[in-house]
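For reference, the structure discussed in these notes is given below.
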Amino acid sequence: MSRLTDANVVIAKEIIGRYPRPKSALVPLLHLSQEQNGYITREAMVHLGELVGVTSAEVYGTATFYEMFRFEPVGKYLINMCGTMSCALMGAAELMHHAEHKLGIKAGGTTADGMFTLAHAECQAACTEAPTLQVNYRYRFRVTPTDFDNLVDDLRAGKLADEIPAHGVLAKVRQRIPADKGVGAVAPEDVTEGPAWLDGKPAL
Amino acid sequence: MSSYPHAPGFVAGDRPKVVTSRFEYTDSFTIERYLATDGYAAIRKALSKPAADVHEEVKGATVLGRGGAGFPAGTKWGLTPQQVWPRYLVVNGDESEPGTYKDRLLMERDPHQLIEGCLIACYAAGLSQCFLYIRGEMALAQERVATALNEAYAAGYVGKNILGSKFSVDIVLHWGAGAYVVGEETALIESLEGNRGMPRLKPPFFPAANGLYGQPTIVNNVETLANLPWLIRNGVEAYTAIGTKTSPGTRMVAVSGHVKRPGVYEIINGTTTFRDLLYGEEFCGGIRNGNKLKAFVPGGGSAPWFTPDQLDLPFEASQVGPAGSMLGSGAIMVMDETTDIPAAALTLTHFYAHESCGKCTPCREGGTWLERILTRVVNGTGTDADLQQLIEVGTSICPGDFPHASNDALGLSAVPFPYKMTTICFVGPSAYAPIHSALTLFRSEFEARVTKRITIPVTAVGATS
């Protein structure tokens, strides 16, 4: 089952409704699909194409551009090790070496139990806290080899389940626009006049 | 002085706070805290004036864009064509320039301030829908902004008839999926339309004229918008009293690498020097272990490097530009005397080669070439000819003298490096920038790495009979 579930279709339609053009919702919907399945499947891309009104080839075109989308299963925990300049200056290569040793896999690989995928990553916007890593996009700062060992052990033992969801789940909070509060999206061609508040008078 | 454990990286200080005033509270991201600290007072004040007056205030304060190019926000808003509707606001929260992070902290620690900034921009420039684009990898920022938007909608600060006025705007949270190039404004728009995030050719059309769905679109950086509530509350005079005439206000700067106290600092624009930042006791407190400074990157991974000779330059575009670099996105990466310069340059070149979207051939092919050649050199298997080859490939991406930093004689003071390039956006030239800087400043380190292999021309073999 890799089409969106009925519950997720409801969420998908809500997201699509916020944009003047449905295709704009594609990247958020790909995330929704990855949240459901852990990665992006062919059937999912066909389904998303149906939902936003484009071909599955176009969905594939968009999806393959972005690094966060995976097209094969990955470990429950994706560990992205930053290796760009600030982290490199503070020992990222040594940390990566340690991580490979600890997990018994090379960067890019997944442990046999399907728990961990280890990956090289580019700048994660936490440069002063180098070296950094993200587990399913949750940060760990100034990571020492001991910190790394503890992190892996805690994840294995399920101690961080509250903080770090399985791969695919990004934000745990969704935006909700109440029907009575939202302005609503309008296709640009249906807008004929300027905003009401540009009449030269104060709006309030 | 304390650094707040809940905002790792941020270092407070006894300086004017325009955008980080709430960082000291552990609940700075909640609507309760925001309302208790002048929150949403600025939009109320703005709505009591005609939109054009608010626009004039932002113009008058010369709020420079904090994303990299430093283009004044008020002027940018004025570039939209008259009587073309609708116009959109796209917030660039796709922060991913190596060394940079300030937008992430502003979104995580004070999302309501950003939302209020968006409202002010939409009101002043007549923008009828706002898309807040957050980088895909920033899960916490997405959570905090989503929560803040839900709170703001429920309280009537966003949506239909805001505060009971005739001003209505939706703010839609959008999130990316990992692509550095999407930080470029036209690529951001492509991504927001659901396409591959490749930059559009410009000129002729800049987003202000032809952007999202072909409509006039303003793309502003998160930090730029976060400045607006303070500006509207306190007025133009108070804002321009901080900093210099050409660079008013404050700026968030991330200093990383080999300093004693790396961190994100809100500094006074225009007057603070690199020496203050790197050596000042209230800032980074000097180089680690008492080492000597070797070089530093002054404005994000794309910026040409500086050496200790340029330490006394202030954070002022009109001075850093002629000195050969740019302030960019406010990120300083510091290298001490122990740094392996070719290897450091390789990390950046690898980044840009990896992040090339593939649209322009010089960047797609050239970036990878640069990375491969430099890897050879760093591994000790390169030759003398490789150093020349690096320069040749690099100048194919951005021809002419390098760096092409702002050139007053040509009237290009507002244009950061480089103005001559064979690609649409700056990713290609950025792959070469670290190599050019490193090769120019520390050529001997490269020469020491290459093996002096003597090549024998094929025709010469066996010709000596």
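In the text below, chain A, chain B and the rest are named by the order of the sequence lines, each starting its count at 1.
B/His354 and A/Glu67 share a side-chain donor-acceptor pair at under 3.5 Å. Remark: the A/Thr64 side chain and the B/Arg196 side chain contain an N/O donor-acceptor pair separated by less than 3.5 Å.
If you measure heavy-atom distances from B/Leu173 to chain A, the contacts under 4.5 Å come from both the backbone and the side chain. No part of B/Val84 comes within reach of chain A, as not one of its non-hydrogen atoms sits under 4.5 angstrom from that chain. Residue B/Val297 touches chain A through its side chain alone, counting heavy-atom pairs closer than 4.5 Å. Interface remark: B/Val172 contributes backbone and side-chain atoms alike to the contact with chain A (heavy atom separation under 4.5 Å).
In this structure, the separation between CG on A/Leu204 and CD1 on B/Ile43 is 9.5 Å, given to the nearest 0.5 Å. Distance check, rounded to the nearest 0.5 Å: CH2 of A/Trp197 to CD1 of B/Ile162 gives 8.0 Å.
If you tally non-hydrogen atom pairs under 4.5 Å between each of B/His258, B/Arg144, B/Arg44, B/Gln215 and chain A, the highest count goes to B/His258. Your options are B/Asn161, B/Asp103, B/Asn195, and the one with the most heavy-atom pairs under 4.5 Å with chain A is B/Asn195.
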Sequence neighbours excluded and cut-off under 3.5 Å, please list the side-chain donor-acceptor pairs for residues 124-138 of chain B, or say none.
| unit_1 | atom_1 | unit_2 | atom_2 | d |
| --- | --- | --- | --- | --- |
| B/Gln129 | NE2 | A/Arg18 | O | 2.9 |
| B/Tyr133 | OH | B/Ser191 | OG | 2.7 |
| B/Arg135 | NE | B/Glu137 | OE1 | 3.1 |
| B/Arg135 | NH1 | A/Cys123 | O | 3.2 |
| B/Arg135 | NH1 | B/Glu95 | O | 3.0 |
| B/Arg135 | NH2 | A/Cys123 | O | 2.6 |

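Residues passing the salt bridge (Lys or Arg N to Asp or Glu O under 4.0 Å) test with B/Asp53: none are found, sequence neighbours excluded.
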